[in-house]
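A short write-up of the structure that comes next.
Index from 1, following the sequence.
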Amino acid sequence: MVQMSNVLQMISECKEKSKLLHSMIPIKQHQDRLDQIDESINTGNVWNNPQHAAGLMKERQKISDLLSDLAKFDEQSSTFSEFIDAFPSE
């Protein structure tokens, strides 16, 4: 059986890793780039050059996946913290 102290340690480590990831990943820059790519795609001119369009779509997917994974990690860390706060050890 998992001891509560081990669970608290794991949650603390998740929070620290989340902070570290946020310090390493320029989220605002990535979101801005994602917005730029979306705008380019929506203007229609980008599709005149299929190779360039494919490169943009690949870049868009990579950035989108990164931001999505980071958001999921943050959400899970937050959920675990809320659970511990709601059910403190006896």
Side-chain angles (χ1 to χ4, degrees):
M1 186 165 161
V2 178
Q3 293 182 351
M4 184 57 84
S5 61
N6 291 344
V7 172
L8 293 173
Q9 178 67 29
M10 288 177 6
I11 291 171
S12 177
E13 289 173 6
C14 283
K15 286 180 180 180
E16 289 302 313
K17 287 178 182 179
S18 178
K19 287 179 188 176
L20 181 61
L21 285 171
H22 279 275
S23 71
M24 294 170 55
I25 299 170
I27 295 170
K28 174 91 170 87
Q29 268 183 290
H30 285 317
Q31 186 59 56
D32 289 347
R33 180 62 182 147
L34 199 59
D35 293 342
Q36 287 175 340
I37 293 170
D38 286 343
E39 187 174 325
S40 293
I41 291 168
N42 291 331
T43 62
N45 294 341
V46 74
W47 301 110
N48 293 338
N49 182 340
Q51 190 173 16
H52 178 68
L56 278 179
M57 293 305 293
K58 188 174 183 176
E59 179 185 3
R60 187 198 184 290
Q61 188 63 52
K62 185 177 176 180
I63 294 170
S64 179
D65 288 347
L66 173 69
L67 294 176
S68 177
D69 289 346
L70 185 58
K72 286 177 193 173
F73 185 76
D74 289 344
E75 182 181 335
Q76 289 173 350
S77 295
S78 177
T79 299
F80 293 143
S81 293
E82 290 171 10
F83 177 79
I84 292 300
D85 290 344
F87 300 100
S89 62
E90 297 173 6

Distance (rounded to the nearest 0.5 Å) between Ser64 OG and Gln61 CD
5.5 Å
What I'd like to find out is whether the side chain of Ser77 reaches to under 4.5 Å of the side chain of Asp74, using heavy atoms alone.
no
Partner set under side-chain hydrogen bond (donor to acceptor under 3.5 Å, both in side chains) for Lys28, not counting sequence neighbours:
Asp32
Measure the spacing between NZ of Lys17 and OG of Ser12 and express it to the nearest 0.5 Å.
10.5 Å
Nearest 0.5 Å, please: how far is CG in Leu20 from CD1 in Ile25?
9.0 Å
Non-hydrogen side-chain atoms of Lys62 and Lys58 separated by less than 4.5 Å:
no
Picking from Leu66, Leu70, Asp35, what satisfies side-chain contact (heavy atoms from CB on, under 4.5 Å) with His30?
Leu66
Step-by-step side-chain contact (heavy atoms from CB on, under 4.5 Å) determination, Arg33 to Glu59:
CA-CA 9 Å; Arg33 180 62 182 147; Glu59 179 185 3; 2.9 Å; yes
Quick one: do Phe73 and Met10 end up in the same hydrophobic cluster if we chain Ile, Leu, Val, Met, Phe, Trp and Tyr together by side-chain heavy atoms under 4.5 Å apart?
no
Locate the shortest heavy-atom distance separating Thr43 from Ser40; write the atom from each residue and the value.
OG1-O, 2.8 Å
What distance do Leu21 atom CG and Lys19 atom NZ have between them, rounded to the nearest 0.5 Å?
12.5 Å
Do the side-chain N and O atoms of Ser78 and Glu82 include a donor-acceptor pair separated by under 3.5 angstrom?
yes
How many angstroms lie between CG in Asp65 and OG in Ser68, if you round to the nearest 0.5 Å?
7.0 Å
Are the side chains of Ile63 and Gln31 in touch, meaning some heavy atoms are under 4.5 Å apart?
no
To the nearest 0.5 Å, what is the distance between CD on Gln76 and CD1 on Ile11?
12.0 Å
